[in-house]
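For reference, the structure discussed in these notes is given below.
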Amino acid sequence: MKYDVVIIGGGLSGLVAGITLQKAGKRTAIISTGQNALHFFSGTFESLQEPSQRIKDLFLEAGVRVHYNPGVRLTPMGTFKEAALSLEDIDLFPSEKIGKRVLIVNFQGYHDFFSSFLAEGLEKQGMQCRVRFLNLPELERLQQSPSEMRSVQIARTVDPLWEKVVQEVRLLLKDEDTVILPQVFGLADTSVPGRIRQGIPARVVFAGTLPPSVPGVRTQILLRKRYQLLGGTYLMGDEVVRAHVHEGVVHSVATKNLDSHYVEASEAFILSTGSYFSKGLVANPFRVYEPVFGLDVEYKEDRNAWYNPSFAGDQPYMHFGVKASADLLALKDGEPLQNLYVAGSVLGDTHPEFGSAAGQAIQSALFVADKILGL
Amino acid sequence: MKLQEFTSSKHNFEECMKCTVCTAYCPVLQANPLYPGPKQAGPDGERLRLKDPYFFNKALKYCLNCKRCEVACPSGVAVADLIQAARIRYDHTPPKLRDRMLASTDFMGSLARPFAPLVNFGTGLGISKTLLDATLKIDHRRSFPKYSGRSFEGWLKRHRKEQAAFPEQVAYYHGCYVNYNYPQLGKDLVKVLNALGIGVQLLEKEKCCGIALITNGMSATAKKHADHNVAQLRQAVMDKGLKVVTTSSTCTLTLRDEYPNLLGVDNADVRESILMATRLICEKLEQGAQLKFKADYHKKIAYHVPCHLERLGWGVFSERLLRGIPGVEFYLLDSACCGISGTYGFKKENYETSQAIGEALFSQIRALSPDVVACDCETCKWQIEMSTGFQVMNPISILAEALE
Ligand SMILES: Cc1cc2nc3c(=O)[nH]c(=O)nc-3n(C[C@H](O)[C@H](O)[C@H](O)COP(=O)(O)OP(=O)(O)OC[C@H]3O[C@@H](n4cnc5c(N)ncnc54)[C@H](O)[C@@H]3O)c2cc1C
Ligand code: SF4
Ligand code: SF4
């Protein structure tokens, strides 16, 4: 199979590059081993302090509702974190004083939402909290398998019941000015979080749960849909295992599912295989490497210098990444490969000019797409 | 790196990071609360089962074996294989008569075929359906596949000479469905391949791939089928140098992957030569072959990638072929399970789950209102036709229809 551009890795960076290239008329394919880091997404695109109109439009056109309001957001632990560009259901506050009295509502039997941590965290900051549980008969079915009563299952059940949730919360509400609910709304219907906000006479805040992240899964679904509507080919569940590289040019890649049927790109390849979690980088007891092309990786020789013994401290291994030229062409044995670009978290901290986390994924992907388009 | 060889576990289960991604994509977890879900039934459960088989949970039978968990898993854990392997290893309940009947597709087919009009009449009739429901717990709301009066094998044998005249040859593993229920699909394949200058021959004697035997607790019989079929495939691939094409995604996945991964039948020497016909045709077109299509063909097509084709990663070939037909208005349906999963949906205890799972797909089809739904799986076809009323065609049949 032959495409103009072949993208390896279908996470945020692969999708952003794919959408941009398809929109510009290129024929592209994305090959992805499995799902990606968006499934753990907090809902805030980190390190995008001043997102361009282009980034906002990209999301809007995909139906991903975002808002931009530099300030802080509530973490699942009841603390606050700086945040700017976020999904619309993530509230952004000018300061950490989000209310005086807070009602925290969880669903009966749902263990992936830490209502007591939230209350503890908020009370430390002088807010009064009350925790209550909602018992929806529709959710009782899910409780039969408590280990798998997870965010996505709840979301699929409660989305159509949002009016009932509003009614029940109104009954629980006393004199609180703020209500916190788990982030399990709007998986299929993105208007649900907004409707819940309108229906409850208090400020409604959605707080994170354990994975899978419902706002993240929704973002993944919408971006993939947009990419496919633009005509992109998304090969989920396939892994690039080998590449044919000759004299500094990548000719084709081989995948697990397509055996000897090589996938070729006439213009460029993009490596957006993520970090350790997604196996874009692999660490063994001796080295850190990039498994598909064997690209140059920036890391420390001394294994003891990979990590910081203080668990919460800055971890050096998180900065390791694939080396690339200023144009983000991948380096192998010190030389750039002429048609292999690198984007997203596989870069580690080798190119801080693109930011970090989701900001890096988006900005490096746009940069690489522009390079391919000759812009 | 040799290290990997010593650290990898069966079905890769130790690679599980407990990330929960798979649980978001399991169609059963949502519809049937008795099912523990892929993570719990797969890698988490495996850890316990290895300690003590006591931890084997019978609810694993609710798994559809749709493999969607494997497609989603970022860590390469063969979640569904783990679940099916555990059922094979630990579940020693003898299968019920009903399950044995449902599983024996070629046996049922060869018995029923000479009496096709009678069987079709019988299974369509309210009374016998009620009877099946009451005695065998085969749900009375299901419509049954029709049996064809003449087998595909018989037809192709009658055309053996003209097929042998083509310069290039492939062998066709047609499967039970084409042979007994729908020979037309086989004839359509012959038409398309002939148009590309390729003649079609049968394997000397194929048997049912055995997937229904595996999922219904008869893996010993399934293994016999596998041994037989792999020997047949070897004959075609190694002795005659042929590729073996298929038109059913489930048969293909079974021949290629379930044989080595679940039944321990080594097929390494033939595996790469077993191809969905859509893939072979795409390869030919890429190499410059051409198909001539009707000038006035018009069809609005909604394509559903069946779960097992999704796992094979080959939906892209059918999509390409369909998009390439002039006059086709193509829509790719959202990736979702139709809920039938072979014999699963026929069982009374699964009917509700089965229909609930399929609903997202059905409503998307109703909203699109296509002329035809395209799909490479025969059981999806029954399910979608029964549940939506829209006609379902294999992409090969659509190609054949659009050819000049
Ligand atoms: C647990 C976690 C939580 C995070 N939360 C946030 C957050 O809240 N906000 C934020 O701004 N950032 C967050 N990040 C940072 C995150 O890395 C980025 O936000 C961004 O999502 C990374 O996107 P990516 O496309 O570079 O990589 P990924 O999303 O990791 O995607 C890489 C993809 O490549 C595939 N792949 C890998 N190897 C191959 C191969 N050989 N062949 C084919 N496919 C392959 C993988 O399966 C995967 O799907 C988080 C990261 C992690 C790990
Ligand atoms: S997706 Fe894979 S790694 Fe994650 S929990 Fe499921 S099996 Fe484990
Ligand atoms: S194979 Fe399908 S039904 Fe079985 S656990 Fe995986 S996703 Fe669920």
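Every chain is numbered from 1 and lettered A, B, ... according to where its sequence line falls, protein lines coming before strand lines.
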Ranked by heavy-atom pairs below 4.5 Å to chain A, first place among B:Lys67, B:Arg256, B:Glu310 goes to B:Arg256
Geometric cation-pi criterion, B:Arg320 with A:Tyr3: 6.0 Å, 45°:
yes
For B:Tyr331, which atoms come within 4.5 Å of any heavy atom of chain A: side chain, backbone, both, or neither?
neither
Heavy-atom proximity to chain A below 4.5 Å, by part of B:Ala31:
backbone
Chain A: which of B:Glu283, B:Lys39, B:Arg271 shares the most heavy-atom pairs with it under 4.5 Å?
B:Glu283
Any ring-ring contact (aromatic ring centres under 6.0 Å, His included) involving residues 207-242 of chain A? Give me the pairs, sequence neighbours left out, ordered by first then second residue.
none
Looking at B:Trp314 and A:Leu258, would you say the former's side chain and the latter's main chain have a donor-acceptor pair under 3.5 Å?
no
Highest number of heavy-atom pairs under 4.5 Å with chain A: which of B:Gly313, B:Gly37, B:Ala24, B:Cys22?
B:Ala24
Minimal heavy-atom distance between A:Phe277 and B:Cys19, with the atoms involved, is CE1-CB, 4.2 Å
Under 4.5 Å from a heavy atom of chain B, the part of A:Thr255 involved:
neither
Please assess B:Cys73 against A:Gln35 for the test side-chain contact (heavy atoms from CB on, under 4.5 Å), listing each intermediate value before the final yes or no.
CA-CA 6 Å; B:Cys73 175; A:Gln35 292 290 0; over 6 Å; no
Choice from A:Ala29, A:Ser32, A:Gly34, A:Gly274 maximising heavy atom contacts with chain B below 4.5 Å:
A:Gly34
When every non-hydrogen atom of B:Ser335 is compared with those of A:Arg224, the smallest separation belongs to CB-NH2, 4.3 Å
Between B:Val316 and A:Met1, what is the shortest heavy-atom contact and its length?
CG2-SD, 4.0 Å
Counting heavy atoms not belonging to B:Lys51, are there more than 12 under 6.0 Å from its NZ?
no
Which region of A:Thr233, side chain (C-beta onward) or backbone (N, CA, C, O), has a non-hydrogen atom less than 4.5 Å from a non-hydrogen atom of chain B, or is it both or neither?
side chain
Chain B: which of A:Ser278, A:Ala188, A:Gly237 shares the most heavy-atom pairs with it under 4.5 Å?
A:Gly237
Between A:Val152 and B:Gln30 the two heavy atoms that sit nearest each other are O-OE1, 4.4 Å
If one checks every heavy atom of A:Lys225 against chain B at 4.5 Å, the contacting part turns out to be side chain
d(B:Leu29 CG, A:Arg156 CZ) to nearest 0.5 Å is 8.5 Å
How far apart are the C-alpha atoms of B:Arg68 and A:Met236, what are their side-chain angles, what is the distance that settles it, and do they pass the side-chain contact (heavy atoms from CB on, under 4.5 Å) test?
CA-CA 10 Å; B:Arg68 289 189 172 268; A:Met236 177 53 92; over 6 Å; no
Per-residue contact mode, B:Asp334 against chain A (heavy atom under 4.5 angstrom)
side chain
Are any of the side-chain heavy atoms of B:Glu286 and A:Glu264 separated by less than 4.5 Å?
no
Can you tell me how far apart CZ (B:Arg311) and CG (A:Asn257) are? Round to the nearest 0.5 Å.
6.0 Å
Which heavy-atom pair separates B:Leu332 from A:Gln228 by the least distance, and what is that distance?
CD2-NE2, 3.8 Å
Rounded to the nearest 0.5 Å, how far apart are NE2 of A:His39 and OG1 of B:Thr20?
8.5 Å
With side chains defined as the heavy atoms from C-beta onward, is the minimum distance between B:Thr23 and A:Pro212 less than 4.5 Å?
yes
